[in-house]
There are 2 protein chains.
Amino acid sequence: MSGVNSAQVRKDLSYLGSHGTRGVGYRIDELRVQLRRALGLTHGYAVVIVGAGNLGSALANYGGFSAWGFEVAAVVDVDRNKVGTEIAGRAVEPFAELASIVAERNVAIGIIATPSWSAQEVADRLTAAGVRSILNFAPATIEVPDGVEIRRVDLSTELQILTYHLQQEG
Amino acid sequence: MSGVNSAQVRKDLSYLGSHGTRGVGYRIDELRVQLRRALGLTHGYAVVIVGAGNLGSALANYGGFSAWGFEVAAVVDVDRNKVGTEIAGRAVEPFAELASIVAERNVAIGIIATPSWSAQEVADRLTAAGVRSILNFAPATIEVPDGVEIRRVDLSTELQILTYHLQQEG
DNA sequence: TAGATTGTTAATCGATTAACAATC
DNA sequence: TAGATTGTTAATCGATTAACAATC
(Lines give C-alpha, C1' and ligand atoms only; values in the text may rest on other atoms or scores of the structure.)
Protein backbone atom coordinates (compact mmCIF):
# COMPACT_ATOMS: atom_id res chain seq x y z
CA MET A 1 0.00 0.00 0.00
CA SER A 2 2.77 2.44 0.82
CA GLY A 3 4.88 1.48 -2.18
CA VAL A 4 7.63 -0.22 -0.18
CA ASN A 5 8.44 -3.72 -1.36
CA SER A 6 8.75 -6.79 0.85
CA ALA A 7 12.53 -7.04 0.52
CA GLN A 8 12.87 -3.53 1.86
CA VAL A 9 10.61 -4.26 4.81
CA ARG A 10 12.46 -7.45 5.73
CA LYS A 11 15.82 -5.76 5.37
CA ASP A 12 14.82 -2.87 7.59
CA LEU A 13 13.28 -5.09 10.23
CA SER A 14 16.40 -7.25 10.28
CA TYR A 15 18.37 -4.36 11.77
CA LEU A 16 16.30 -4.77 14.92
CA GLY A 17 16.94 -8.50 15.07
CA SER A 18 14.74 -11.40 14.16
CA HIS A 19 11.15 -10.96 15.19
CA GLY A 20 9.35 -13.06 12.62
CA THR A 21 8.96 -16.77 12.05
CA ARG A 22 10.06 -18.24 8.75
CA GLY A 23 7.24 -19.76 6.79
CA VAL A 24 4.69 -18.11 9.03
CA GLY A 25 5.15 -14.35 9.21
CA TYR A 26 5.37 -11.64 11.85
CA ARG A 27 3.29 -11.42 14.99
CA ILE A 28 2.26 -7.82 14.58
CA ASP A 29 1.48 -7.24 18.24
CA GLU A 30 4.99 -8.30 19.25
CA LEU A 31 6.50 -6.42 16.32
CA ARG A 32 4.76 -3.23 17.42
CA VAL A 33 6.33 -3.52 20.85
CA GLN A 34 9.78 -4.14 19.38
CA LEU A 35 9.47 -1.20 17.00
CA ARG A 36 8.29 1.17 19.68
CA ARG A 37 11.21 0.10 21.86
CA ALA A 38 13.72 0.53 19.05
CA LEU A 39 12.35 3.98 18.22
CA GLY A 40 12.43 5.05 21.85
CA LEU A 41 8.68 5.52 22.15
CA THR A 42 8.29 3.39 25.24
CA HIS A 43 8.23 6.13 27.79
CA GLY A 44 6.44 9.44 27.66
CA TYR A 45 8.15 12.75 26.98
CA ALA A 46 7.08 16.05 28.50
CA VAL A 47 6.80 18.93 26.05
CA VAL A 48 6.73 22.67 26.72
CA ILE A 49 5.13 24.96 24.16
CA VAL A 50 6.56 28.48 24.08
CA GLY A 51 4.11 30.98 22.67
CA ALA A 52 0.38 31.01 23.37
CA GLY A 53 -0.71 32.59 20.10
CA ASN A 54 -2.68 30.86 17.39
CA LEU A 55 0.04 28.39 16.57
CA GLY A 56 0.78 27.57 20.20
CA SER A 57 -2.92 27.08 20.83
CA ALA A 58 -3.27 24.87 17.78
CA LEU A 59 -0.37 22.74 18.96
CA ALA A 60 -1.70 22.48 22.52
CA ASN A 61 -5.05 21.35 21.15
CA TYR A 62 -3.49 18.98 18.67
CA GLY A 63 -4.86 15.51 19.35
CA GLY A 64 -2.07 13.46 17.83
CA PHE A 65 0.54 13.79 20.57
CA SER A 66 -0.78 11.58 23.33
CA ALA A 67 -1.07 8.57 21.03
CA TRP A 68 2.74 8.56 20.82
CA GLY A 69 3.36 9.24 24.48
CA PHE A 70 3.94 12.97 24.34
CA GLU A 71 2.38 15.16 26.96
CA VAL A 72 2.11 18.94 26.96
CA ALA A 73 3.55 19.80 30.35
CA ALA A 74 3.09 23.56 29.98
CA VAL A 75 2.29 26.42 27.64
CA VAL A 76 4.24 29.58 28.42
CA ASP A 77 4.13 33.13 27.07
CA VAL A 78 5.76 36.48 27.84
CA ASP A 79 2.49 38.37 27.38
CA ARG A 80 0.94 39.09 30.80
CA ASN A 81 -2.49 39.29 29.20
CA LYS A 82 -2.17 35.71 28.04
CA VAL A 83 -0.77 34.32 31.29
CA GLY A 84 -3.59 32.70 33.24
CA THR A 85 -5.91 32.26 30.28
CA GLU A 86 -6.85 28.68 29.46
CA ILE A 87 -5.56 26.80 26.46
CA ALA A 88 -6.58 23.19 26.02
CA GLY A 89 -7.81 23.14 29.62
CA ARG A 90 -4.55 24.41 31.03
CA ALA A 91 -3.53 27.83 32.31
CA VAL A 92 -0.84 29.66 30.35
CA GLU A 93 2.22 30.23 32.55
CA PRO A 94 4.83 33.00 32.51
CA PHE A 95 7.81 32.59 30.21
CA ALA A 96 9.97 33.77 33.09
CA GLU A 97 9.29 30.51 34.90
CA LEU A 98 10.55 28.40 32.02
CA ALA A 99 13.66 27.13 33.80
CA SER A 100 11.83 25.92 36.89
CA ILE A 101 9.05 24.36 34.81
CA VAL A 102 11.60 22.43 32.74
CA ALA A 103 13.41 21.24 35.83
CA GLU A 104 10.40 20.31 37.94
CA ARG A 105 8.34 18.65 35.22
CA ASN A 106 11.26 16.92 33.54
CA VAL A 107 10.63 18.58 30.19
CA ALA A 108 12.54 16.92 27.36
CA ILE A 109 11.30 18.82 24.33
CA GLY A 110 10.65 22.48 23.64
CA ILE A 111 8.42 23.77 20.86
CA ILE A 112 8.96 27.30 19.62
CA ALA A 113 5.69 28.85 18.48
CA THR A 114 6.65 32.50 18.78
CA PRO A 115 7.29 35.24 16.22
CA SER A 116 10.55 34.85 14.30
CA TRP A 117 12.27 37.76 15.97
CA SER A 118 12.18 36.07 19.37
CA ALA A 119 12.92 32.52 18.26
CA GLN A 120 16.65 32.72 18.94
CA GLU A 121 16.16 34.05 22.46
CA VAL A 122 13.62 31.37 23.22
CA ALA A 123 16.03 28.72 21.99
CA ASP A 124 18.76 30.16 24.20
CA ARG A 125 16.52 30.06 27.24
CA LEU A 126 15.40 26.52 26.47
CA THR A 127 18.94 25.23 26.12
CA ALA A 128 20.03 27.10 29.25
CA ALA A 129 17.21 25.34 31.09
CA GLY A 130 18.57 22.00 29.94
CA VAL A 131 16.29 21.17 27.03
CA ARG A 132 18.20 19.15 24.44
CA SER A 133 15.53 18.82 21.74
CA ILE A 134 13.78 21.72 20.06
CA LEU A 135 11.13 21.88 17.40
CA ASN A 136 11.04 25.29 15.74
CA PHE A 137 7.97 26.55 13.89
CA ALA A 138 9.23 30.10 13.48
CA PRO A 139 10.53 30.88 9.99
CA ALA A 140 13.98 31.71 11.33
CA THR A 141 17.36 30.02 11.44
CA ILE A 142 18.48 29.33 14.97
CA GLU A 143 21.90 28.57 16.39
CA VAL A 144 22.14 26.02 19.17
CA PRO A 145 25.12 24.53 21.03
CA ASP A 146 26.51 21.11 20.15
CA GLY A 147 24.49 18.36 21.67
CA VAL A 148 21.19 20.15 21.18
CA GLU A 149 19.00 18.76 18.45
CA ILE A 150 16.88 21.23 16.54
CA ARG A 151 14.33 20.60 13.83
CA ARG A 152 12.56 23.26 11.87
CA VAL A 153 9.13 22.79 10.43
CA ASP A 154 9.07 25.14 7.51
CA LEU A 155 5.65 25.70 6.02
CA SER A 156 7.02 27.56 3.02
CA THR A 157 9.22 24.61 2.13
CA GLU A 158 6.22 22.31 2.15
CA LEU A 159 4.39 24.63 -0.22
CA GLN A 160 7.42 24.88 -2.47
CA ILE A 161 7.58 21.10 -2.82
CA LEU A 162 3.94 21.08 -3.85
CA THR A 163 4.68 23.84 -6.31
CA TYR A 164 7.45 21.84 -7.90
CA HIS A 165 4.98 19.10 -8.73
CA LEU A 166 2.50 21.62 -10.05
CA GLN A 167 5.15 22.79 -12.45
CA GLN A 168 6.00 19.27 -13.63
CA GLU A 169 2.38 18.59 -14.50
CA GLY A 170 2.22 21.72 -16.60
CA MET B 1 27.93 26.24 6.84
CA SER B 2 25.18 23.77 6.01
CA GLY B 3 27.54 20.82 5.90
CA VAL B 4 27.32 20.28 2.13
CA ASN B 5 30.70 20.09 0.41
CA SER B 6 31.69 22.00 -2.71
CA ALA B 7 31.65 18.95 -4.99
CA GLN B 8 28.03 18.32 -4.06
CA VAL B 9 27.05 21.89 -4.75
CA ARG B 10 28.75 21.94 -8.15
CA LYS B 11 27.24 18.61 -9.10
CA ASP B 12 23.75 19.69 -8.16
CA LEU B 13 24.03 23.03 -9.92
CA SER B 14 25.32 21.30 -13.05
CA TYR B 15 21.89 19.68 -13.53
CA LEU B 16 20.52 23.12 -14.27
CA GLY B 17 23.25 23.86 -16.81
CA SER B 18 26.32 26.00 -16.52
CA HIS B 19 25.79 29.20 -14.66
CA GLY B 20 29.22 29.85 -13.25
CA THR B 21 32.51 30.98 -14.72
CA ARG B 22 35.57 28.78 -14.32
CA GLY B 23 38.29 30.39 -12.33
CA VAL B 24 35.92 33.10 -11.13
CA GLY B 25 32.84 31.67 -9.44
CA TYR B 26 29.08 32.08 -9.59
CA ARG B 27 27.20 35.33 -9.96
CA ILE B 28 24.80 34.81 -7.14
CA ASP B 29 22.17 37.23 -8.41
CA GLU B 30 21.95 35.38 -11.71
CA LEU B 31 22.10 32.02 -9.96
CA ARG B 32 19.16 32.99 -7.76
CA VAL B 33 17.07 33.73 -10.83
CA GLN B 34 18.04 30.44 -12.46
CA LEU B 35 17.26 28.48 -9.30
CA ARG B 36 13.91 30.13 -8.79
CA ARG B 37 13.02 29.38 -12.40
CA ALA B 38 14.12 25.75 -12.14
CA LEU B 39 12.13 25.32 -8.94
CA GLY B 40 9.04 26.93 -10.42
CA LEU B 41 8.96 29.83 -8.01
CA THR B 42 8.74 32.51 -10.66
CA HIS B 43 5.02 33.16 -10.51
CA GLY B 44 2.76 33.45 -7.50
CA TYR B 45 0.38 30.74 -6.36
CA ALA B 46 -2.97 31.37 -4.73
CA VAL B 47 -3.66 29.34 -1.58
CA VAL B 48 -6.96 28.59 0.13
CA ILE B 49 -6.95 27.72 3.82
CA VAL B 50 -9.81 25.46 4.92
CA GLY B 51 -10.57 25.80 8.61
CA ALA B 52 -10.52 29.06 10.57
CA GLY B 53 -9.56 27.59 13.92
CA ASN B 54 -6.28 28.17 15.71
CA LEU B 55 -4.21 26.37 13.10
CA GLY B 56 -5.93 28.08 10.18
CA SER B 57 -5.45 31.43 11.87
CA ALA B 58 -1.81 30.70 12.55
CA LEU B 59 -1.26 29.79 8.90
CA ALA B 60 -3.11 32.87 7.62
CA ASN B 61 -0.94 35.05 9.84
CA TYR B 62 2.23 33.21 8.94
CA GLY B 63 4.68 35.70 7.50
CA GLY B 64 6.82 33.33 5.48
CA PHE B 65 4.54 32.74 2.51
CA SER B 66 4.71 35.97 0.57
CA ALA B 67 8.51 35.88 0.38
CA TRP B 68 8.15 32.83 -1.86
CA GLY B 69 5.29 34.12 -3.95
CA PHE B 70 2.41 32.46 -2.15
CA GLU B 71 -0.73 34.43 -1.43
CA VAL B 72 -3.60 33.46 0.83
CA ALA B 73 -6.58 33.96 -1.49
CA ALA B 74 -9.19 32.94 1.08
CA VAL B 75 -9.86 31.39 4.47
CA VAL B 76 -13.04 29.31 4.56
CA ASP B 77 -14.94 27.54 7.32
CA VAL B 78 -18.23 25.68 7.73
CA ASP B 79 -18.98 27.35 11.06
CA ARG B 80 -21.45 30.21 10.53
CA ASN B 81 -20.17 31.91 13.64
CA LYS B 82 -16.72 32.15 12.13
CA VAL B 83 -17.84 33.30 8.68
CA GLY B 84 -17.43 37.05 8.46
CA THR B 85 -14.94 37.34 11.30
CA GLU B 86 -11.55 38.74 10.38
CA ILE B 87 -8.38 36.68 10.21
CA ALA B 88 -5.19 38.36 9.11
CA GLY B 89 -7.22 41.30 7.85
CA ARG B 90 -9.50 39.17 5.71
CA ALA B 91 -13.09 38.02 6.25
CA VAL B 92 -13.63 34.29 6.67
CA GLU B 93 -15.83 32.97 3.85
CA PRO B 94 -18.30 30.06 3.80
CA PHE B 95 -16.96 26.61 2.99
CA ALA B 96 -19.96 26.16 0.68
CA GLU B 97 -18.45 28.69 -1.69
CA LEU B 98 -15.18 26.79 -2.02
CA ALA B 99 -15.72 25.78 -5.66
CA SER B 100 -16.44 29.28 -6.90
CA ILE B 101 -13.59 30.74 -4.88
CA VAL B 102 -11.15 28.25 -6.36
CA ALA B 103 -12.37 28.92 -9.89
CA GLU B 104 -12.57 32.68 -9.70
CA ARG B 105 -9.32 33.28 -7.83
CA ASN B 106 -7.33 30.66 -9.65
CA VAL B 107 -6.44 28.77 -6.46
CA ALA B 108 -3.65 26.25 -7.00
CA ILE B 109 -3.08 24.95 -3.48
CA GLY B 110 -5.42 23.92 -0.68
CA ILE B 111 -4.41 23.72 2.96
CA ILE B 112 -6.44 21.51 5.28
CA ALA B 113 -6.50 22.94 8.80
CA THR B 114 -9.64 21.22 10.05
CA PRO B 115 -10.27 18.45 12.59
CA SER B 116 -9.23 14.98 11.41
CA TRP B 117 -12.74 13.68 11.00
CA SER B 118 -13.52 16.17 8.26
CA ALA B 119 -10.19 16.08 6.45
CA GLN B 120 -11.24 13.53 3.84
CA GLU B 121 -14.39 15.42 2.93
CA VAL B 122 -12.44 18.66 2.62
CA ALA B 123 -9.94 16.92 0.33
CA ASP B 124 -12.80 15.58 -1.80
CA ARG B 125 -14.29 19.04 -2.16
CA LEU B 126 -10.92 20.58 -2.98
CA THR B 127 -10.17 18.04 -5.71
CA ALA B 128 -13.71 18.36 -7.09
CA ALA B 129 -13.12 22.09 -7.33
CA GLY B 130 -10.00 21.44 -9.39
CA VAL B 131 -7.25 21.85 -6.80
CA ARG B 132 -4.31 19.59 -7.65
CA SER B 133 -2.05 20.24 -4.66
CA ILE B 134 -3.04 19.77 -1.04
CA LEU B 135 -1.17 20.31 2.19
CA ASN B 136 -2.76 18.38 5.04
CA PHE B 137 -2.18 19.33 8.67
CA ALA B 138 -4.86 17.04 10.08
CA PRO B 139 -3.46 13.86 11.64
CA ALA B 140 -5.41 11.68 9.22
CA THR B 141 -4.60 9.65 6.13
CA ILE B 142 -6.40 10.97 3.09
CA GLU B 143 -7.15 9.34 -0.25
CA VAL B 144 -6.92 11.49 -3.36
CA PRO B 145 -7.33 10.68 -7.06
CA ASP B 146 -4.30 10.17 -9.31
CA GLY B 147 -2.83 13.44 -10.44
CA VAL B 148 -3.49 15.15 -7.13
CA GLU B 149 -0.44 15.78 -5.00
CA ILE B 150 -0.90 15.59 -1.27
CA ARG B 151 1.61 16.24 1.48
CA ARG B 152 0.99 15.70 5.14
CA VAL B 153 2.70 17.70 7.82
CA ASP B 154 2.71 15.40 10.79
CA LEU B 155 3.67 17.04 14.05
CA SER B 156 3.92 13.74 15.89
CA THR B 157 6.45 12.47 13.39
CA GLU B 158 8.61 15.53 13.96
CA LEU B 159 8.52 14.92 17.70
CA GLN B 160 9.33 11.26 17.22
CA ILE B 161 12.44 12.11 15.22
CA LEU B 162 13.58 14.38 18.04
CA THR B 163 12.87 11.59 20.49
CA TYR B 164 15.04 9.19 18.55
CA HIS B 165 18.00 11.50 19.03
CA LEU B 166 17.19 11.92 22.71
CA GLN B 167 17.44 8.19 23.06
CA GLN B 168 20.78 7.95 21.24
CA GLU B 169 22.30 10.46 23.60
CA GLY B 170 21.15 8.48 26.57
C1' DT C 1 52.15 33.02 -15.78
C1' DA C 2 50.25 31.79 -11.05
C1' DG C 3 46.30 31.17 -8.51
C1' DA C 4 41.66 30.03 -8.25
C1' DT C 5 37.26 27.87 -9.31
C1' DT C 6 34.11 25.64 -12.35
C1' DG C 7 32.26 21.52 -14.90
C1' DT C 8 32.70 16.75 -15.47
C1' DT C 9 34.57 12.11 -15.29
C1' DA C 10 35.86 8.38 -12.38
C1' DA C 11 35.93 6.22 -7.85
C1' DT C 12 33.71 5.39 -3.82
C1' DC C 13 30.09 4.66 -0.85
C1' DG C 14 25.61 3.25 0.75
C1' DA C 15 20.99 1.88 -0.06
C1' DT C 16 17.66 -0.80 -2.60
C1' DT C 17 16.35 -4.87 -4.87
C1' DA C 18 16.69 -9.70 -6.26
C1' DA C 19 17.54 -14.28 -5.21
C1' DC C 20 17.47 -18.16 -2.40
C1' DA C 21 18.42 -21.19 1.50
C1' DA C 22 16.33 -21.87 5.98
C1' DT C 23 12.40 -22.80 8.24
C1' DC C 24 7.57 -23.47 9.72
C1' DT D 1 5.65 -33.21 1.45
C1' DA D 2 3.92 -28.74 -0.68
C1' DG D 3 3.30 -24.08 0.03
C1' DA D 4 4.60 -20.01 2.15
C1' DT D 5 7.48 -16.52 4.33
C1' DT D 6 11.50 -15.05 6.80
C1' DG D 7 16.50 -13.74 7.19
C1' DT D 8 20.55 -12.91 4.66
C1' DT D 9 23.83 -12.82 0.87
C1' DA D 10 24.81 -11.07 -3.63
C1' DA D 11 23.71 -7.97 -7.41
C1' DT D 12 22.16 -3.78 -8.79
C1' DC D 13 21.33 0.87 -8.64
C1' DG D 14 21.95 5.66 -7.57
C1' DA D 15 24.07 9.26 -5.02
C1' DT D 16 28.11 11.32 -2.97
C1' DT D 17 32.83 12.38 -3.09
C1' DA D 18 37.40 12.85 -5.12
C1' DA D 19 40.21 14.18 -8.76
C1' DC D 20 41.51 16.97 -12.45
C1' DA D 21 41.32 19.26 -16.94
C1' DA D 22 39.31 23.52 -18.61
C1' DT D 23 39.11 28.13 -18.03
C1' DC D 24 39.32 32.88 -16.29
Side-chain angles (χ1 to χ4, degrees), chain A residues 1-42 68 133 141 143-144 146-154 156-170, chain B residues 1-42 68 141 143-144 146-147 149-154 156-170:
Chain A
M1 282 172 66
S2 67
V4 180
N5 67 30
S6 67
Q8 183 75 71
V9 172
R10 291 202 301 282
K11 188 74 174 170
D12 288 353
L13 292 180
S14 73
Y15 285 103
L16 309 177
S18 299
H19 299 299
T21 308
R22 296 186 178 198
V24 177
Y26 297 95
R27 291 207 49 152
I28 60 168
D29 51 350
E30 287 178 6
L31 193 59
R32 272 175 76 108
V33 172
Q34 300 295 338
L35 284 171
R36 290 186 84 103
R37 184 178 303 165
L39 295 170
L41 298 171
T42 44
W68 298 101
S133 298
T141 306
E143 301 278 331
V144 289
D146 283 351
V148 175
E149 191 77 19
I150 188 159
R151 289 184 62 81
R152 178 171 159 199
V153 177
D154 190 328
S156 288
T157 299
E158 298 293 335
L159 287 182
Q160 286 173 52
I161 294 169
L162 279 175
T163 300
Y164 184 76
H165 288 109
L166 273 179
Q167 188 194 198
Q168 301 309 308
E169 290 167 5
Chain B
M1 282 172 65
S2 66
V4 180
N5 67 29
S6 67
Q8 183 75 72
V9 172
R10 291 202 302 282
K11 187 76 174 167
D12 288 354
L13 291 180
S14 72
Y15 285 104
L16 309 176
S18 300
H19 299 297
T21 307
R22 295 186 178 198
V24 177
Y26 297 95
R27 292 207 49 153
I28 60 168
D29 51 351
E30 287 177 7
L31 194 59
R32 272 174 76 107
V33 172
Q34 300 295 339
L35 284 171
R36 289 185 84 103
R37 184 179 303 167
L39 295 171
L41 297 171
T42 43
W68 298 101
T141 306
E143 301 278 333
V144 289
D146 283 352
E149 192 77 19
I150 188 158
R151 289 183 64 80
R152 179 172 158 197
V153 177
D154 191 327
S156 288
T157 299
E158 298 292 336
L159 287 182
Q160 286 174 53
I161 295 169
L162 280 175
T163 300
Y164 184 77
H165 289 108
L166 273 178
Q167 189 194 199
Q168 301 310 308
E169 289 165 9

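Everything numeric here is computed off the predicted structure, so don't read it as measured data. Below, read A as the first sequence line, B as the second, and so on, with proteins coming before strands; counting in each chain starts at 1.
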Is any side-chain heavy atom of [Y] closer than 4.5 Å to one of [X]?
X	Y	answer
A/Q34	A/Y26	no
B/R152	B/T141	yes
B/L162	A/E149	yes
B/W68	B/L41	yes
A/H19	A/L35	no
B/T42	B/V33	no

Let me know the distance between [atom1] of [X] and [atom2] of [N], rounded to the nearest Å.
X	N	atom1	atom2	answer
A/H19	C/dC24	NE2	P	17 Å
B/I28	C/dT6	CD1	P	13 Å
A/R22	D/dG7	CZ	C1'	4 Å

From C-beta outward on B/T21, which listed nucleotide comes closest to its side chain: C/dC24, C/dT6, D/dC24?
D/dC24
When you look at CZ of B/R32, are more than 12 heavy atoms from neighbouring residues, nucleotides or ligands closer to it than 6.0 Å?
no
Can a donor-acceptor pair be found between the side chains of B/S14 and B/R10 at a distance below 3.5 Å?
no
With B for base contact, S for sugar-phosphate-only contact and - for none (protein heavy atoms under 4.0 Å), nucleotides 11-20 of chain D reads -----SSBBB
Map every base of DNA chain D to its dot-bracket character, where paired means a Watson-Crick or G-U wobble contact with both distances under 3.5 Å and | marks a partner outside the strand.
..||||||||||||||||||||||
